[in-house]
4 protein chains.
Amino acid sequence: MSSPAPRRPRDGGQPPRGRPRSRAAEDAILKATLHLLRRKPLCEITADAIASRAGVSKATIYKWWLNKNRVALDAFLSEMREPSPIPDTGSTLCDFVEQLKAATRFYAGPDGRVLRQFLAEGQGDAEFLAVVRERFQQPRRRALRVLWDRGLARGDVRPDVDFELVLDLIFGPMVYRLLGRHNPLTDAAAEAIVRTVFQGVACDPMPPAP
Amino acid sequence: MSSPAPRRPRDGGQPPRGRPRSRAAEDAILKATLHLLRRKPLCEITADAIASRAGVSKATIYKWWLNKNRVALDAFLSEMREPSPIPDTGSTLCDFVEQLKAATRFYAGPDGRVLRQFLAEGQGDAEFLAVVRERFQQPRRRALRVLWDRGLARGDVRPDVDFELVLDLIFGPMVYRLLGRHNPLTDAAAEAIVRTVFQGVACDPMPPAP
Amino acid sequence: MSSPAPRRPRDGGQPPRGRPRSRAAEDAILKATLHLLRRKPLCEITADAIASRAGVSKATIYKWWLNKNRVALDAFLSEMREPSPIPDTGSTLCDFVEQLKAATRFYAGPDGRVLRQFLAEGQGDAEFLAVVRERFQQPRRRALRVLWDRGLARGDVRPDVDFELVLDLIFGPMVYRLLGRHNPLTDAAAEAIVRTVFQGVACDPMPPAP
Amino acid sequence: MSSPAPRRPRDGGQPPRGRPRSRAAEDAILKATLHLLRRKPLCEITADAIASRAGVSKATIYKWWLNKNRVALDAFLSEMREPSPIPDTGSTLCDFVEQLKAATRFYAGPDGRVLRQFLAEGQGDAEFLAVVRERFQQPRRRALRVLWDRGLARGDVRPDVDFELVLDLIFGPMVYRLLGRHNPLTDAAAEAIVRTVFQGVACDPMPPAP
DNA sequence: CAATAATCGAGACGGTACGTCTTGTCTTGGC
DNA sequence: GCCAAGACAAGACGTACCGTCTCGATTATTG
C-alpha cells in the first residue's frame, strides 16, 4: 500500500469524527525526517529535531508513530520510487544480474546508508525489524518470484532449488557487504555474484544432495 | 597479540611508573560485561551497570576503553573459544559445509545475538565496525583460505573465482538471515547454501563471464 | 445576577441566531467540575478531565470560560449555600463569634480545601484573585456590616475603629490558619479570636492612637 | 541553620567519598533562581531556565532538590537577611508595632511577592507548606516569644491569652491582606492592627470567657 | 623510608534526548 | 450558530545515560 502506517490506522467503517488528521502535518513530518535522514545517521536524529524542522509538536509525532524509527521508516518508504521494474532480457541470469545491479546501486547510495541504519536499529527492536521486513524486504523479494518462475519455465534454472534460498544466495552477499563494509558494492561485484551463483564454484557437476 | 586492546596500550620501553594497572579490575569489567551481554541487548547495557556490577569506577572503564561498545567487544572476544578448527574431510564441499554449520550454530546461539548487536552498533560508528572486522571477521575469513587453496590444489573448485567472493557467497546468505531474521539459521540451511554455491542454480553449464 | 460569569455574556439586544447555548452542557460542566473538586486539588484537575467527565468538548468549556480556574470558581459558587444568615443574639460579640464559627467550619471542611486552592491560584493570576474577591469574599464581608452597625448603635463597640480593620482582625487569623496550617481551625479558636479582638490583649486601657 | 536543605543532607559521620558536591554549582543554582524569582512569578520559572542560567545540568538540580519549589525556597532563604532584630522600645505595644511594620514592609516588597507564591504552592503540596512553615515561619514566630514574655513580665499584657493566638491576631490580618489584596500593606495598617489587638474593639471591659 | 607517580572507587557533573503531559486553539461534520 | 470529537502547537516535566571530572586512598617504583 502507498499509505504510511500510522500508529492508529483508520479502520472502522463509521465516518470519522472530530478534527481530521492533518495531512499537512504528516507531510511536514515525513519531509523533515527525510531531510535529516539524508544528512545524518538515524541514531543522531532526534524527535525534537524532526518536530522543530517540521513546525510540528512532538506530541503529534508520538501520537501517530511509536517512535522516531517508525517515522524514519515511513519517510524512507514514502520517497521510495517504485521498485525497479522487473527486467525481462530473455536470460534469467541477465535478469538477476540487472536486478542485483539495481539493488547494489541502491545500497551504495544514500538510501543504502539509511537502510543500514534500519537494519541496525532492528537488531535491538525485533518489532521494528519485522516491520522493515514486511514493508521493504518482502515486497521486493516477492516481486522477484516471476523472474525465477520464468527461468523455471524456460528450463534455465534447477527446479530443485528453493526460491527463498536463491534470494538469500543472490542478495545475501551484497547485504553482507552493505553491513560489513569489507568488500565493495559495485556493478562488477553484482555481476560476479549472480554469475557464480548460477554457475557454481565447483569444477565438475556435483552429486545430488543425499 | 590476543590481549584486549586497551585505549592506551603500554608500548614504550621504559619500565612503568606509578601504580600498575589492576588486572583484577579489568577482569571484573570483562566478566561483568559478559554477564550483562548474555542477559540483555547491548544497547540496553549501560556503563553504570557494568561499573557497578564489576565493583569498579566508571572512570576506570573509560580510562582503558573508548566506550562501552569497545568493552563489550573485548569481553565478547575474550570468551571466544578458538575458532572451530578448520575441518579436513577430503572434500572441499564438505569442509565448507562443516564450516558453515559451525558458523550457523554460532550465529543461532547467544553469541550470534551479541554479534548482531556489534554489527548494528557498527552501522553508526565506522571505526567500531572496522575493529569488529579486524578482530572478529578477518581472522576467521583468513583461516578459511587454506580450505579454498586445498580445493584449488585438488581441482575441486574453479580457479577463476575470487576467494573473497566465495566467502561472501557462503557466509553472506547466513549473515543476511542472522540480521534479517527472515529465514532460519539451521544446519540444513547451511548445507543447502554451500551445496548450491558449489553446484550453481543453473541447469546447464554457463558460458564464462566476458 | 447570580448566574456564572460567562466569557462572552449575551448582552446585545439582537435575538440570538443559530443553535442556542446548551444549558445541559453548562450544567454538566459545573457538575463534573464539582465532582472533581471534591476529590482532588484544583491544580491536579485538567480541562480534559472536566470535559470528558461532562461528556462535553473542551472547546465548549473554553468558549464560555477563560480557563479552568474560572470554571472551578463558578462550580464552587454554584453549589454555595446561601451565606449563613446573619445572627442576631443581642450581643455583638456573640454575633461575631457565631459568624466566625460558621466560617471556621466552612474553612475546615471540603469547601475550605477548595477555597485555599482558589487563593493559591490567585497568587499567580491577579485577575482571578480579583474575581474571587468580588464574587466570594466581598459579598460576605459586606453582609457583616449590619452586624457592626448594630454594635455601634448599641454602643458595644468603639466607633473609632475602621470596619475593614475589624473584618481583617476577625477573619485574618483564621484565613492565616487556613493557609498556613500551623494552628487548628476549631470553634474554640474562633471564639478565642473574637473574644480577644473585642477585649484586647493589653492589661490596662491603652492611650488612643495619636 | 544557615546551610541550605539539600535533598540528601550529609549526615553520617564517615568521611565523604567520591567527588564532593560542587559548591559552585549549588551557588550558581541558587543565584540563578533568585535572579528569576525577582523577575517572574514562581509558577513561570522552569527548571530548564534555572539550569541554563546557572550553567548547570538539570540533573544536578533534581539530584539535590525534590523540585523547583524547593530550589526556590532555598534560594529565598539563602538571601534572607537576619530576621529583623527584636526591638526593645520599653513598650510591648510599640515593640509589636515595630515588628509588624517590618514584616509589612517585607510583605509589601519583592520578598512578599515570593512568599505569596510559596504559600500558594504550599496549598497543593502539604509537604512543601510544612517546609515553608518550619524554615521560614516558625523561626520568626519563635523569636517573638521573648517580646511577649517581656510584656508579661512587665504586666503589659494579659497572661491568660495564648501566645500562638496573639501571633495569629497580629500577623493573620496582614497575611490575609498579603494574599487577598483587598486592603493595603502599609505602616499605618500595621500600627492600627497592633493597637487594636492590644486595646480591643469593645467599648467596655468584657466579661471573662465562661 | 620518603617522595613521586599512576591507578583506583566513589560519585558529582554538564549535556542532551527521551517520551509524557497539559493548555488553549483550531477544524471537521452533525444537529 | 452551537456542539462533540479530537487533532494540533507549544513547551515544561522529570528521568536516563554518556563520558568527563574531582576527590582521597592505595600501591608501586625511585631516590
So CG of Leu73(A) and CH2 of Trp65(A): to nearest 0.5 Å the spacing works out to 11.5 Å
Touch check for Ile45(B), heavy atoms < 4.0 angstrom, all strands: base, sugar-phosphate only, or nothing? sugar-phosphate
Does Ser57(C) make a side-chain donor-acceptor contact with the base of dA5(F), cut-off 3.5 Å? yes
Can you find a donor-acceptor N/O pair under 3.5 angstrom joining the side chain of Lys58(A) to the base of dG19(E)? yes
Of the listed nucleotides dT16(E), dA5(F), dC13(F), the one nearest the side chain of Thr46(D): dC13(F)
Please state how far atom CD1 in Ile29(A) lies from atom C1' in dA7(F), giving the value in whole angstrom units. 11 Å
Which nucleotide, dC13(E), dA4(F), dG24(E), lies nearest any side-chain atom of Arg21(D)? dC13(E)
Name the closest nucleotide to the Ala59(A) side chain, picking from dA9(F), dC21(E), dC2(F). dC21(E)
Please determine whether the number of non-hydrogen atoms from other residues, nucleotides or ligands lying under 6.0 Å from atom CD of Glu44(A) exceeds 12. yes
With side chains defined as the heavy atoms from C-beta onward, is the minimum distance between Asp74(B) and Ile29(B) less than 4.5 Å? no
Between Gly55(C) and Ala49(B), name the one whose nearest nucleotide on DNA chain F is closer to the 5' end. Gly55(C)
Rounding to an integer number of Å, can you tell me how far Leu66(C) CG sits from dT25(E) C1'? 14 Å
For the base of dA6(E), is there a side-chain donor-acceptor partner from Arg19(B) under 3.5 Å away? no
Val56(C) has its side chain closest, among dT23(E), dC18(E), dA4(F), to dA4(F)
Is the backbone of Ile45(A) close enough, under 3.5 Å, to the side chain of Lys68(A) for a donor and an acceptor to pair up by distance? yes
When you check the phosphate oxygens OP1 and OP2 of dG14(F), does a side-chain N or O of Tyr62(D) lie under 4.0 Å from one of them? yes
Does dC3(F) have OP1 or OP2 sitting under 4.0 Å from an N or O in the side chain of Trp64(C)? yes
With the side chain defined as heavy atoms from C-beta on, Ser22(B) is closest, among dC8(E), dC18(F), dC13(E), to dC8(E)
Nucleotide nearest Thr60(C) (side chain, heavy atoms from C-beta), chosen from dC13(F), dG11(E), dC3(F): dC3(F)
Interatomic distance where CD1 belongs to Ile50(A) and P belongs to dA9(F) [whole Å]: 14 Å
Nearest-Å distance, CD1 (Ile61(D)) to C1' (dG14(E))? 11 Å
Testing dC8(E), dC13(F), dG24(E) for proximity to the side chain of Lys68(D), the answer is dC13(F)
Asp48(C) CG to dA7(F) P, straight-line distance once rounded to whole Å: 12 Å
Nucleotide dC26(E), atom C1' - distance to CZ of Arg17(A) in whole Å: 17 Å
